[in-house]
Amino acid sequence: MTTTNVGTKTRICISNGWNLVINGESLVSERPQAWDNGPVYVSLWRHVKDWGYQGLNCQLVMPLSGQLLEANLTQNEVDLIDHVWSRYGNYSAKQLSDMTHEPETPWTTAYVKWGRNTELHDDEIAEHYLKLGSGLITNR
């Protein structure tokens with residue numbers, strides 16, 4: 001499966017949401033912000049802006065050495081990410097962005113209530129994915 005930069009960043013946000021519910025902690029050490037086109041991890045955005053990425057799957061590399069960046073993940077986190085990527089892998093970046101913009105998503109709440117670039121809070125993200133997993137809300 002190949003992906004775009006935007007699709008990759010959105011799938012990271014989705015993986016983080018599911019990990020908050022299933023494994024009880026965030027996958028990412030910073031909070032995403034509500035940017036115009038969806039949730040964004042600023043450090044990830046800056047890395048890609050400044051240094052780019054390589055390969056069909058938007059792999060991040062160390063700026064000077066060119067080595068691939070790898071996260072230190074537990075097996076449960078790897079399994080969750082694999083599941084999220086298989087579940088959401090066929091959606092385009094636009095479709096994924098549209099999902100983040102649906103009513104009552106953490107992005108919509110932050111962006112509409114507090115304005116652009118507002119941080120999304122883990123408790124609101126977890127609540128959204130808990131509702132999604134419980135069937136209380138639907139996601140295409």
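Remark: the backbone N or O of Thr100 is paired with a side-chain donor or acceptor of Thr105 at under 3.5 angstrom. No donor-acceptor pair under 3.5 Å is formed between the side chain of Asn16 and the backbone N or O of Ser26. In terms of modelled atom types and a separation under 3.5 Å, the side chain of Asn19 and the main chain of Glu25 share a donor-acceptor contact. In this structure, the side chain of Thr108 engages the main chain of Glu102 through a donor-acceptor pair within 3.5 Å.
A 4.5 Å side-chain heavy-atom check between Asp98 and Tyr91 finds every atom pair outside the cut-off. Side-chain contact between Leu130 and Leu20 is absent, with no heavy atoms from C-beta onward closer than 4.5 Å. Trp107 places none of its side-chain heavy atoms less than 4.5 Å from the side chain of Cys13. In this structure the side chain of Arg31 reaches within 4.5 angstrom of the side chain of His121, judged on heavy atoms. In this structure, the side chains of Tyr41 and Gln33 stay at 4.5 Å or more apart for every pair of heavy atoms. No side-chain heavy atom of Trp18 sits less than 4.5 Å from a side-chain heavy atom of Ile81. Within the 4.5 Å cutoff, side-chain heavy atoms of Ser15 are placed close to those of Val84.
Cation-pi geometry between Arg116 and Trp35 is not met at under 6.0 angstrom from the ring centre and within 45 degrees of the axis.
Put simply, OG1 on Thr109 and CD on Glu127 are 9.0 Å apart, with the number rounded to the nearest 0.5 Å. Atom OH in Tyr88 sits 6.5 Å away from atom CE in Met99 (nearest 0.5 Å). Taken to the nearest 0.5 Å, the CG atom of Asn76 stands 9.5 Å off from the CD1 atom of Ile22. Put simply, CG on Asp79 and OG1 on Thr74 are 8.0 Å apart, with the number rounded to the nearest 0.5 Å.
No side-chain donor from either of Asn37 and Ser97 sits under 3.5 Å from a side-chain acceptor of the other. In the model, Tyr111 has a side-chain atom that pairs as donor or acceptor with a side-chain atom of Asp36 under 3.5 Å.
Ile125 and Pro106 make their closest contact through CA-CG, 3.7 Å (heavy atoms, listed as atom of the first residue, atom of the second, distance). Nearest approach of Leu120 to Pro39, heavy atoms of both residues: CD2-CB, 4.2 Å. Taking both residues in full, the closest heavy atoms of Arg11 and Gly89 are given as NH2-O, 3.3 Å, listed atom of the first, atom of the second, then distance. Nearest approach of Val42 to Glu30, heavy atoms of both residues: N-OE1, 3.2 Å.
There is no path of hydrophobic side-chain contacts, each under 4.5 Å, that joins Trp45 to Ile14. If you chain together hydrophobic residues whose side chains sit under 4.5 Å apart, Val21 and Val78 fall into the same group.
Open room surrounds NE2 on His83; 12 or fewer heavy atoms of other groups in view lie less than 6.0 Å from it.
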